[in-house]
Amino acid sequence: MKIRTRFAPSPTGFMHVGNLRTALYEFLTAKHGGGDFVLRIEDTDQERYVEGATDVIYNTLKIAGLTHDEGPDIGGDFGPYVQSERVGLYKPYAEQLVKEGKAYYCFCTKERLEKLHEDGVIGYDRHCRDLSADEIQKLLDSNTPYVIRQKLPLTGETTYHDCVYGDITISNEELDDQVLIKADSFPTYNFANVIDDHTMGITHVVRGSEYLSSTPKYNALYDAFGWDIPTYIHLPLIMGKSVDEDGNEVISKLSKRHGSTGFMDLINEGYLPEAIINYIALLGWAPTTNQEIFSMEELIANFDINGISKSPSVFDYNKLEWVNAEYIKAMDFESFTNYAKPYYDQYGLTEDKYQLLSEILQPRITRFTQIAEKLTFLKEFSDFDLSLFEHKKSKSNKETSIAALTDMIPALEALDWNSEAISNLLTGYATEKEIKNSVVMWPVRIGAAGVAVTPGGCAEVLILLGKEESLKRLKTSLDRLTKE
RNA sequence: GGCCCGUUGGUCAAACGGCUAAGACAUCACCCUUUCACGGUGGAGACACGGGUUCGAUUCCCGUACGGGUCACCA
């Protein structure tokens, strides 16, 4: 049988990485087996409706590379794929169960249920479970509002199988007579979910482990209708690390207080979609080899339910950062430059410098957004601390710097401005004076950049600044050094 | 609180009764080097605890502790 999985988000306008990972595993489960991945929008809660929220879902899936085979936007044989367009579909199923004696009308008011809870009753007391036909008819005739509840077994126990967690058994006494149809005649989420999954032919239900304890209720519905129970794949949760008021580190379910946990947030911070997907694929799943970098094709080929872990995992920005850097380093010149171009433009850098820029930046950044900070020295040149000229490892101090700058400025001035010429001049000078290269490289780089850390070495810095600006800065620096 | 699930280094994790318990990120040291990166080499660092079962337990069973989830006319 062809595998069919589904991603069924509520349109909240925000795609959490936890949801995205669920979608990814659903996608991979289907694709690994050559199956279909279905998108269904669960928007039965009108109160929570957010404008444009479904577009966020489409965009996220598109950027993430999780292309669905059926969905509201592209159609399919099992539509409609938006729950609000299916509302009329659910109640007949519930009525059918009532007729068969597997469900019943419940006329209890919310007030009565609240009172029950106040009195310490857990769940529903099944007050309406055994009303007589007369009583029911009377209440119906008087238009008393009602919900439809399913009759669940009072004794015994239920066992089901999950591909990740194994066999799970629970006592039937734990099961409440669940509401199927609400007083407003809308289906409850659980009910709609089962009806939709079945009528859409979903074979593998992949979802977060928070559904582990309600799964027996879902199964009770499949059983009541005589439908096949789908294969269950429950996923461990993703956790975040944060610090509480007392300064203690706490680990809890990933949420906004852990920083950027929305897919789009991460994109805006400069993480590549492929890197995010790659990273979260490895959060809760491990391949059989030590491979860490996976393309989507490789994920599809290697994904295996057996590799899914049971225990929750902590979202680690460090590792995401590393994965992102791996993707950046693997880019060819063209694509790297494409991503970097907006930042180059920001600094007024012309195309003739792209080659050099990309070369020196590519191994140095872990996110594209870092380019700006790496290049600030091009725009800013202030009265930096002259102690920067002192550097033991480069055997440099203010005296050696004055000497080097004094000799090098006029020599540079006479130079044809290219990387090779600059390097030759500086190393040649070092050889001639029998000093280490760094004794001349260090002061020239510092004198021109005005900061200790620069992307690239002395020659690169000078090229990026250009001849005029470089010499201007070097003279200023020498001036300040000698005056001191 | 009841029920369910989980527990290998700081983090992600491999191992599905038999080893000196992989690997990756982070961290530290050294090398490379024209600063910083990149790259290379190496170091430190883990089976929550207590009972069983077994010739032998990280692995199986039972408790304890800790963590998480769930108990709606919400999704």
Side-chain angles (χ1 to χ4, degrees), chain A residues 8-10 12 42-45 47-48 83 106 108-110 113 117 122-124 145-149 162 164-166 168-171 173-176 178-190 192-193 208-216 234 236-237 239 241 249 251-253 279 282-292 306-307 309-323 325 329 360-366 374 388 391 393-394 396 423 426-427 430 436-442 444-446 449 451-461:
Chain A
S10 292
T12 60
E42 310 224 328
D43 62 345
T44 50
D45 192 355
E47 283 179 29
R48 281 199 223 171
Q83 252 174 11
C106 169
C108 293
T109 61
K110 279 195 180 157
L113 296 178
H117 288 150
I122 307 148
Y124 179 56
Y146 64 89
V147 302
I148 297 179
R149 286 182 188 270
D162 178 82
V164 175
Y165 291 91
I168 294 175
T169 301
I170 129 164
S171 165
E173 288 158 39
E174 301 295 324
L175 268 29
D176 218 13
Q178 60 180 335
V179 173
L180 271 23
I181 299 292
K182 299 185 269 186
D184 61 5
S185 85
F186 273 67
T188 57
Y189 167 82
N190 289 342
N193 217 266
S209 64
E210 65 263 31
Y211 291 97
L212 230 29
S213 31
S214 47
T215 299
H234 285 94
L237 298 174
M239 315 290 279
K241 214 190 268 182
E249 191 169 82
I251 291 177
S252 54
K253 193 173 164 183
Y279 173 66
L282 263 23
L283 254 197
W285 171 75
T288 52
T289 64
N290 277 336
Q291 185 176 346
E292 300 263 1
N306 289 320
S309 81
K310 296 179 176 67
S311 45
S313 38
V314 176
F315 193 92
D316 182 6
Y317 288 91
N318 272 325
K319 185 124 191 195
L320 205 214
E321 195 89 16
W322 174 79
V323 174
K329 279 183 283 188
I360 64 176
L361 254 14
Q362 193 162 9
R364 267 169 258 259
I365 60 166
T366 52
K374 300 273 183 222
L388 279 187
H391 186 73
K393 216 180 125 201
S394 300
S396 292
S423 290
L426 296 172
T427 51
K436 282 189 70 177
N437 284 344
S438 60
V439 180
V440 53
M441 298 285 193
W442 180 268
V444 174
R445 190 179 62 86
I446 296 299
V451 290
V453 177
T454 57
C458 176
E460 287 84 5
V461 167

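Note: hydrogens, waters and symmetry copies are ignored here, and every other heavy atom, side chains too, is used. What you see is a predicted model, and the numbers here were worked out from it, not measured in a lab.
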Name the nucleic acid region contacted by A/Ala183, choosing base, sugar-phosphate or nothing; use a 4.0 angstrom heavy-atom cut-off, strictly under. base

Would you mind classifying the nucleic acid contact of A/Asn193 as base, sugar-phosphate or nothing, using non-hydrogen atoms under 4.0 angstrom? nothing

Intra- and interstrand pairs of RNA chain B - dot-bracket, Watson-Crick/G-U under 3.5 Å, | marks other strand: (((((((..(((.....[....))).(((((.......)))))....(((((..]....))))))))))))....

In terms of the nearest nucleotide of RNA chain B, which residue is placed more toward the 5' end: A/His117 or A/Leu282? A/Leu282

B/C66 and B/C19, which share atom name C1', separated by this distance in whole Å: 30 Å

Given the structure, check if the side chain of A/Arg445 and the base of B/U34 hold any donor-acceptor pair shorter than 3.5 Å. no

Once you apply a heavy-atom cut-off of 4.0 Å, does A/Val179 come out as touching a base, just sugar-phosphate, or nothing? sugar-phosphate

What is the nucleic acid contact for A/Tyr211, judged by heavy atoms within less than 4.0 Å: base, sugar-phosphate only, or nothing? base

Between OH of A/Tyr165 and P of B/U70 the distance, given in whole Å, is 12 Å

Contact nearer the 5' end of RNA chain B, comparing A/Thr188 with A/Ser394: A/Ser394

Looking for any heavy atom pair under 4.0 Å, which part of the strands does A/Ile446 touch: base, sugar-phosphate only, or nothing? nothing

Across the strands shown, which category fits A/Ser171 at heavy-atom distances under 4.0 angstrom: base, sugar-phosphate, nothing? nothing

Distance below 4.0 Å between A/Lys182 side-chain N/O and B/A75 OP1 or OP2: yes

Considering only the C1' atoms, how many Å lie between B/C4 and B/U41, rounded to the nearest integer? 48 Å

From A/Cys458 SG over to A/Leu426 CG, what is the distance, rounded to the nearest 0.5 angstrom? 5.0 Å

Between protein and nucleic acid, restricted to nucleotides 37-42 of chain B and to nitrogen or oxygen atoms under 3.5 Å apart, what atom pairs and distances do you find?
residue : atom : partner  : partner atom : Å
B/A37   : O2'  : A/Pro363 : O            : 2.9
B/C38   : O3'  : A/Lys329 : NZ           : 3.1
B/G39   : OP1  : A/Lys329 : NZ           : 3.1

Just call it for A/Gly208: base, sugar-phosphate, or nothing, with non-hydrogen atoms closer than 4.0 Å on any strand. nothing

Between CD of A/Glu292 and P of B/C12 the distance, given in whole Å, is 13 Å

What does A/Thr427 touch in the nucleic acid at a heavy-atom separation under 4.0 angstrom: a base, only the sugar-phosphate, or nothing? nothing

